[in-house]
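What follows is a set of notes on a single structure, which appears directly below.
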Amino acid sequence: MGKKYSAQHKINAVLHYLNSHDGSRLTARRFGVNRSLIRQWVHLYRLHGVEGLMSRRPTIHRTLAFKQEGGQFTKLREAV
């Protein structure tokens, strides 16, 4: 899985790209990302606005107990 960038970082990069004469290559270099990401973020911004750059799924932090229960459940399902 690739590196995750904050919504603010994406917004800053997109706005820089749209408001400057820098292309995707220079913008990508300035913001430390691959230029295909700049193009992808710009596309999402044009389709959905700022919401398109927000994280789609919240991070779920699972406890060790939950993970161990999941393992037990999997073993039970395999036994059936």
Output the distance between atom NZ (K10) and atom CE (M54), rounded to the nearest 0.5 Å. 9.5 Å

With sequence neighbours left out, what residues match N34 under side chain to side chain contact (heavy atoms under 4.5 Å, CB included)? S36

I'd like to check the ring pair (Phe, Tyr, Trp, His ring centres under 6.0 Å) partners of H16; sequence neighbours left out, ordered by chain and number. F31

Can you name the residues that form a side chain to side chain contact (heavy atoms under 4.5 Å, CB included) with L26, not counting sequence neighbours? D22, R29

Hits for side chain to side chain contact (heavy atoms under 4.5 Å, CB included) against R35, two or more places apart or cross-chain, chain-then-number order -> S24, R25, A28, R39

Atom CH2 of W41 and atom CG of N12: how far apart are they, to the nearest 0.5 Å? 10.0 Å

Working to the nearest 0.5 Å, report the span between NE2 of H9 and NZ of K4. 15.5 Å

Any I11 side-chain heavy atom under 4.5 Å of Y45 side chain: no

Once side chain to side chain contact (heavy atoms under 4.5 Å, CB included) is applied, do any residues pair with Q40, and if so which ones, sequence neighbours excluded? L37, L44

